[in-house]
Amino acid sequence: MKVEVMGMRYLIIGNSAAGIFAAETIRGLDPVGKITMISKEDCIPYSRCLTSYYLGKEIPEEGMHIRSKDFYNETGIDFIGGTVERVDPDYKYVVLDSGKKVDYDKLLIATGASPFSPPLEGSDMEGVFQLRTSADAKAIAEFAPKVKTAVVMGAGLVGLKGAHGLHELGIKVIVVGSAPYLMRYSTDPESSEILIRLLEKEGYRILLNTKAERILGERNSEGKMSVSGVVLNTGEHIPCQMVLKAIGVRPNVRLVEDSGVFVNKGIVVDDEMETYVKDIYAAGDVAEADDFLNGGKSVSALWPTATEQGIIAGCNMAGLKRIYQGSMALNSAVISGVGLISAGIMNLPPGEGIVLKASEPKNNFYRKFVIRDGRLIGMIMVGKIEGAGILSALIRKRAKVDINYLNYLLTNPIKYQGFYPVGKGGM
């Protein structure tokens, strides 16, 4: 009698960075296991980071793709298009919106996050968009010929990327942010001032410490209410034909409600990316994992973080133990041809730690190093950004670095010398 040996059944929900890298890792470690991937986006895997460049016609649609159209066949992945409504950990299956049940032995939740913004009058009108998916980018591009002026709500990295895409289409862009400076999780007041000046020189209008109170509309030729302007909390009325909401995101955790999976801001995981429910893992923007510098746990909605967490989760799901060292903020952008890179903790409470700065605003140059307990824990570089990887490695290594050496690096090229000068008692 022939006995059929069943392989491990891996189920991955989500086909962006964390899901894709987890699937590839699992397949590399387990060539015969059954891998099923479920996603509501039934398309070739792509990078959400590139949607603004597609919107601005700087890259074609295929330029967003991170894998080929044959990816699922080549890796032996069964792909199912749909949305998971419920997870049942006791009987190890998930339920799709179609009613279909899919069984698993090991489950990875990589559902990412969705745009979130406070309720705002007029948000249901034609001309109000969010930019998260390729479908969003296509919808905005289709509507763009009707637009002369657009208001972007949100002055973070997502908002600025969206603003860039619209600007590339010849649209006048006004960025409205509630924070006191641009990209507040990636910059500080001094570096923000440089970026604002660069953007204003390009024709952008930047309004900070400001919020939109309501969106105004009027009926178009088709009888639909369409955006005609925005009223700010300052009382100003800005005529416009489009509003792009880019205020923030929230992890997609609804599918684990009443499942026993613990959720704080995101799905809480241990250092192997496993949740508090056995055989269920989470990775990417939906996961609340160890924070490398601050301790505790946090959600890190960054592409590099998602890829690393996906690999770690994939290893552990396939039986190869790997430990996640923790997430760390790391952001990069190019504003009007000037590079910005920041990493770690950029801003400390007054009186805590040491901060070193060098600034030449007229030359679009700025460097800031944040030191605590003799260790570099954060940095910002604007302009001459070569060597940023070396500084990021110093932060990751928790190396004790001599203050005089860091003072030297403030105004000199950062080069790898095979060693790092350390203070007394350094590692």
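Basis for what follows: all heavy atoms, side chains included, without hydrogens, waters or symmetry-related copies.
In this view, His167 and Tyr204 satisfy the ring-ring contact (aromatic ring centres under 6.0 Å, His included) rule, not counting sequence neighbours. For Ser16, the side chain to side chain contact (heavy atoms under 4.5 Å, CB included) partners are Arg48, Trp303, not counting sequence neighbours. Scored by the ring-ring contact (aromatic ring centres under 6.0 Å, His included) test, Phe262 finds Tyr276 as partners (sequence neighbours excluded). With sequence neighbours excluded, the residues that form a side chain to side chain contact (heavy atoms under 4.5 Å, CB included) with Lys278 are Glu274. A search for side-chain hydrogen bond (donor to acceptor under 3.5 Å, both in side chains) contacts involving Asn233 returns nothing, not counting sequence neighbours. Remark: Phe21 pairs with no residue by the ring-ring contact (aromatic ring centres under 6.0 Å, His included) rule, at least two apart or across chains. Remark: Phe79 pairs with Tyr72 by the ring-ring contact (aromatic ring centres under 6.0 Å, His included) rule, at least two apart or across chains. The side-chain hydrogen bond (donor to acceptor under 3.5 Å, both in side chains) check on Arg219 picks up nothing, with sequence neighbours excluded. Listed by chain and number, the residues in a side-chain hydrogen bond (donor to acceptor under 3.5 Å, both in side chains) with Glu352 are Arg372 (sequence neighbours excluded).
In this structure, Leu199 and Leu160 have side chains that are in contact, with non-hydrogen atoms separated by less than 4.5 Å. Residues Asp285 and Pro251 fail the side-chain proximity criterion, which asks for heavy atoms closer than 4.5 Å. Between Lys172 and Lys148 there is no side-chain heavy-atom pair separated by less than 4.5 Å. Using a 4.5 Å cut-off on side-chain heavy atoms (C-beta onward), Asn331 and Ile341 make no contact. Ile194 is listed as a side-chain neighbour of Arg197, based on a closest heavy-atom distance under 4.5 Å. You'll find the side chain of Met317 reaches within 4.5 Å of the side chain of Leu108, heavy atoms only. Counting heavy atoms from C-beta on, the side chains of Val230 and Cys240 come closer than 4.5 Å. In this structure, the side chains of Thr36 and Tyr104 stay at 4.5 Å or more apart for every pair of heavy atoms.
Ile26 contributes atom CD1, which lies 5.5 Å from atom CD1 of Ile35 (distance to the nearest 0.5 angstrom). From Ile20, atom CD1 reaches atom CE of Met37 across 4.0 Å, with rounding to the nearest 0.5 Å. Summarising the geometry, atom CD1 belonging to Ile38 is positioned 4.5 Å from atom CG belonging to Leu11; distances are rounded to the nearest 0.5 Å. We find the CG-CZ distance between Leu376 and Arg398 to be 12.5 Å, quoted to the nearest 0.5 Å. Atom OG of Ser228 and atom CE of Met125 lie 6.5 Å apart (nearest 0.5 Å). Atom CG of residue Leu169 and atom CE of residue Met242 lie 8.5 Å apart, to the nearest 0.5 angstrom.
Side-chain atoms of Thr275 come within 3.5 Å of backbone N or O of Ile280 as a donor-acceptor pair. Side-chain atoms of Asp105 come within 3.5 Å of backbone atoms of Arg9 as a donor-acceptor pair (strictly under, hydrogens ignored). Side-chain N or O atoms of Arg205 include none that pairs as donor or acceptor with a backbone N or O of Val173 at under 3.5 Å. Lys69 places no side-chain N or O within 3.5 Å of a backbone atom of Ile44 that could act as its donor or acceptor partner. When atom types are taken as modelled, the side chain of Asn15 and the backbone of Pro45 share no donor-acceptor pair closer than 3.5 angstrom. A donor-acceptor pair is defined here as one N or O able to donate and one able to accept, closer than 3.5 Å; such a pair exists between the side chain of Glu288 and the backbone of Gly266. In this structure, Thr210 contributes its side chain and Leu208 its backbone to a donor-acceptor pair below 3.5 Å. Ser39 contributes no side-chain N or O that, together with a main-chain N or O of Asp42, makes up a donor-acceptor pair within less than 3.5 Å. Looking at Arg184, its side chain never comes within 3.5 Å of a backbone N or O of Thr187 through a donor-acceptor pair. At distances below 3.5 Å, not a single donor-acceptor pair connects side-chain atoms of Asn264 with backbone N or O atoms of Ile267.
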In sequence, state the C-alpha distance, the side-chain angles, and the governing distance for Leu293 and Ile395, and then conclude on side-chain contact (heavy atoms from CB on, under 4.5 Å). CA-CA 9 Å; Leu293 289 170; Ile395 297 172; 4.0 Å; yes

Trace of the side chain to side chain donor-acceptor pair (under 3.5 Å) decision for Asp188 with Tyr366: CA-CA 11 Å; Asp188 63 0; Tyr366 179 73; 2.5 Å; yes

Worked check of side-chain contact (heavy atoms from CB on, under 4.5 Å) between Met64 and Ser134: CA-CA 9 Å; Met64 294 189 291; Ser134 63; 3.8 Å; yes

Test side-chain contact (heavy atoms from CB on, under 4.5 Å) on Glu74 and Ser68; report intermediate values, then the result. CA-CA 9 Å; Glu74 291 173 348; Ser68 73; 3.9 Å; yes

Could you go step by step and tell me if Ile215 and Val128 meet the side-chain contact (heavy atoms from CB on, under 4.5 Å) rule? CA-CA 9 Å; Ile215 301 171; Val128 180; 3.9 Å; yes

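Under the 4.0 Å criterion applied to side-chain N and carboxylate O atoms, Lys34 and Asp78 are assigned as salt-bridge partners. Salt-bridge annotation for Asp291 and Lys297: absent, with no side-chain N of the basic residue lying under 4.0 Å from a carboxylate O of the acidic one. Under a 4.0 Å N-O distance rule, the pair Glu272/Lys321 qualifies as a salt bridge.
More than 12 heavy atoms of other residues, nucleotides or ligands lie within 6.0 Å of NZ in Lys92, so this atom counts as buried by the packing criterion. Atom CG of Asp70 is surrounded by more than 12 heavy atoms from other residues, nucleotides or ligands within 6.0 Å. In the displayed structure, Lys57 atom NZ is contacted under 6.0 Å by at most 12 heavy atoms of other residues, nucleotides or ligands.
Between Pro304 and Thr307, the shortest heavy-atom contact is O-OG1, 2.8 Å. Taking both residues in full, the closest heavy atoms of Arg396 and Phe292 are given as O-CZ, 3.1 Å, listed atom of the first, atom of the second, then distance. The two residues Ala17 and Ala306 come nearest to each other via the heavy atoms CB-CB, 3.9 Å.
For residues 80-89, the set of pairs meeting the side chain to side chain donor-acceptor pair (under 3.5 Å) definition, not counting sequence neighbours, comprises Glu85-Arg254, Asp88-Tyr93. Every pair passing side chain to side chain donor-acceptor pair (under 3.5 Å) that includes a residue from residues 110-122 is listed here, sequence neighbours excluded: Ser114-Asn252, Ser117-Lys245. Residue pairs meeting the side chain to side chain donor-acceptor pair (under 3.5 Å) criterion with at least one member in residues 378-393: none, sequence neighbours excluded.
Both cation-pi conditions hold for Arg250 and Phe116: the charged atom is under 6.0 angstrom from the six-membered ring centre and inside a 45 degree cone around its axis.
Shown are Glu61, Glu41, Arg67; of these, the side chain to side chain donor-acceptor pair (under 3.5 Å) with Tyr46 is made only by Glu41.
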